[in-house]
Amino acid sequence: MLQKKICMLGSFSVGKTSLVRRFVESIFSEAYHTSIGVKVDKKVVRVDDEDVTLVLWDIHGEDVYQKIRMSYLRGMSGYLLVVDGTRNPTLDDALALNERVIQEAGKVPAILVFNKSDLLDKWEIDPARESGLAEAGWNILRASAKTGDSVEKVFSQLAAAMLVE
Amino acid sequence: MADQAHRRAPTGQAQENPPGNNHAYEELRHLIIAPEQEELADIQERLDDRARRTQDVSSVVAEAIIMRRDQRGEPTLAQALAPSVQETLRESVRRDPHPLADALFPVMGPAIRKSISEALRGMLESFNQALEHSLSARGVQWRLEAFRTGKPFAEIVLMHSLLFRVEQVFLIHRHTGLALNHVVVRSVPTQDASMVAGMLSAIQQFVRDSFDSKKEESLDSLNVGELEVWIEEGPDAVLAAVIRGHAPADYRLTMKEALEEIQRRYSSALENFKGDATPFLSAEELLSRLLAAQHREPPQARKPRAALAAMAIILLVMVGWAAYSTYRLWEWRQFLHAVRGQPGIVVISYDREGGRYHIQGFKDPLAADPNALLAEAGLDPKSAEFDLAPYYSLDDAIVALRARQLLHPPEGVTLSENHGELRVEGTASPQWISLVQERARYIAGVTSVDTSRLHNSHLLQLDSAKSAIESTILLFPIGRAELEPGQGDSIVQTEKQVRDIVAQASRLGEQTTVELTGHSDSTGIEGTNMLLSQERADAIRAILIRGGVQAANLRTRGVGTTQPLRPEDTEENRRLNRSVTCRITFTPVSSGN
């Protein structure tokens, strides 16, 4: 079976962990996040009649106390850049982080995930900006960890993109 | 080729040099280089000609293989040949399986036997171990520990008896942290290898980053409770061994060697790894060799002995128990036999329920108490329960007992019973004797009464007086009916004795009859003798009446010579036959009085 290492990236409390919690196999405690800054989970998705094991490095969100350890990105085949759709600054942070990621790990398939799509009334991200990013080449998906909306799709799209590479 | 060069040379030269010189030069040239040219041509031909090259290699191929094999202990030759050999074998079997089967036949039997004996030995060993562990004090302690900690017993045993055991080995792609292969000891629970491999890589990187260690240095072991994780990093691959207990330092070397072998064998697969771990499936055999273990106590001869001793104890306990059970059963049978033989008790059935015997039947009220019998036999009174309905037993002993209860025999009287006949023996008062005669036949189980040996106690009191009288012989002269001279004392004494006995018997309620019998000797005529003897008896009667004895108590008869007291062989005996003797009988005065 094909295995791929992918990373979950994004600011602190954008819902990365919530996004994976209900949809992946997990054996490690979330305490690893605060101690070593990463927790490894697994997700099997089906792409073109083939099972692909995604080994998911859920990397602790960046905050004033903890920077992302770039060495965790080594060897990844793709990543999810997670943004909280109800908080505009998280998008800015994510894009800044993305620059550093590309610098460190090179260009690999990525998906920009706008989380909390269930809270459209509190939505802060300007649709014009969203379409601008899409035009700039970003693969953007709106998802909700709370309702489960599009979560499977996020993973299978990333897997498909990586297999094309 | 040599010929070609030889021929080409003159044509080339012919255009540049004059013909005379040319020839000499050609000659010289031929002399100098012709042998080398020929050799070169030969070598060239050898290299170009495929058939000759094959022939050349064929002459050394065996030696080459041997040399290669001897060079070092490295298995590269075997690795190179393995696929071809496998393919060859497969092809051979596909075409015709018989030649290979025939070739393998001589080794198959021993191989199978060896495998079976290995399996049996393993089973025996584990049985020994289990037996020892379950019986020793340490085993009990471990059981308690298992109970306390909630861990399976097998794990506790392993924890204490293992020095170390390598339970899992991960082969991890260093760059991506993805699992390439994973082997695990049977029965060890495992987590998902890809996640564990990822996390191990993350921890490695975390340590390396956090402590700013130099690139070539890295975390090489982790401790997690009873487990240690030993990590060995190569340029492209990482080996992680999960070890229970403490492995010896040289295990690190084993890991290094294995990792080097993997790096070497899979160098291109590691470099081009894109997430497909299939090429590394073949590393399983190499990784499995790392699953080593060492026990605290190497198997010794002591173990089977301990097992044997334990088995002997078990056997002894079993035999002891069986013997005890048999003894208990025998004891019970004995008791049952005794109860069955007990008069007045009938056992109809018995069964055993919950360790107790339940006995059904009948019991005469006079029969022995079965619970007392139980205690007498030394059995626990609680081990049996009796359910006996009352009935009248016709057993001899019980009928005798019943008669005794009803008749209250006085001292000196015994009662016995045999098939309904009650026999009463001894001496008793006439009142009791009449009571027996009246009541005995109404006793249940008595059909007849035998009192022939039951004596009237009153009559016995008169016996001595009676026999004194009866032993007296009153003598008469020949042919006469008057007492001999000198018999006066005897008759006076007899008179007194008769008066006394009549009076005494009368007091005891007995009527006395004194029968006086006259005898004669054989001289004279028989008719006269009869008459004479009657006269003699009558004479004594008259004397006694004169002496105060009531006529009613006297009776006479003459017997002549018919009942002589003595054979008449001497004069003295003849004299004794001329006499009167007495016989005394008693009759109760009358039952009414």
Side-chain angles (χ1 to χ4, degrees), chain A residues 1-8 20 24-45 47 50-60 66-79 104-106 108-109 158-165, chain B residues 168 170-182 189-219 222 224 227 229 233-238 240 242 269-281:
Chain A
M1 196 198 286
L2 211 54
Q3 299 179 78
K4 294 287 180 190
K5 170 178 173 177
I6 68 167
C7 291
M8 303 275 296
V20 301
V24 304
E25 285 176 52
S26 195
I27 55 174
F28 300 108
S29 142
E30 279 165 23
Y32 283 99
H33 272 145
T34 43
S35 53
I36 69 167
V38 67
K39 182 164 84 81
V40 178
D41 301 314
K42 187 179 101 167
K43 170 93 186 150
V44 178
V45 292
V47 182
E50 190 187 356
D51 281 336
V52 180
T53 301
L54 302 180
V55 178
L56 212 67
W57 291 46
D58 179 7
I59 293 167
H60 190 259
Q66 203 172 6
K67 288 276 171 208
I68 286 176
R69 290 171 194 282
M70 286 299 165
S71 60
Y72 288 163
L73 309 179
R74 266 181 50 187
M76 71 175 175
S77 301
Y79 59 97
E104 177 74 26
V108 291
L158 181 64
M162 289 186 301
L163 288 193
V164 171
E165 280 286 304
Chain B
Q168 302 184 56
F170 293 87
L171 177 61
I172 303 167
H173 186 240
R174 189 175 182 215
H175 188 61
T176 59
L178 294 173
L180 299 175
N181 204 331
H182 172 226
T190 57
Q191 300 286 13
D192 185 277
S194 50
M195 278 190 268
V196 175
M199 208 65 196
L200 274 171
S201 304
I203 292 168
Q204 282 278 82
Q205 274 154 13
F206 171 77
V207 170
R208 199 177 291 131
D209 289 359
S210 306
F211 304 107
D212 202 23
S213 59
K214 291 175 206 129
K215 278 290 170 204
E216 59 271 22
E217 285 174 14
S218 62
L219 182 72
L222 293 170
V224 193
L227 294 177
V229 183
E233 278 198 11
D236 301 310
V238 178
V242 181
L270 284 166
E271 221 164 287
N272 302 320
F273 180 67
K274 286 276 183 290
D276 181 10
T278 325
F280 303 95
L281 287 176

Using a 6.0 Å distance limit plus a 45 degree cone around the ring axis, check whether A:K5 lies over the aromatic ring of A:W57. yes
If one checks every heavy atom of A:T53 against chain B at 4.5 Å, the contacting part turns out to be side chain
| message | Taking side chain as everything from C-beta outward and backbone as N, CA, C, O, which of these in A:M162 sits under 4.5 Å from a heavy atom of chain B? Side chain, backbone, both or neither. | response |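 Answer is neither: A:M162 stays 4.5 Å or more from chain B.
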| field | Salt bridge flag under 4.0 Å for residues A:R69 and A:E104 | value |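 So A:R69 does not pair with A:E104 through a salt bridge.
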Checklist line | Salt bridge A:K42-B:D192, side-chain N to carboxylate O under 4.0 Å | finding: yes
Applying a strict 4.5 Å limit to non-hydrogen atoms, the region of B:S194 in contact with chain A is both
Just say parallel, tilted or perpendicular for the rings of B:F273 and B:H173, cut-offs at 30° and 60°.
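Because their plane-to-plane angle lies in the 30° to 60° range, the rings of B:F273 and B:H173 count as tilted.
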Ranked by heavy-atom pairs below 4.5 Å to chain B, first place among A:L56, A:V52, A:V55 goes to A:V55
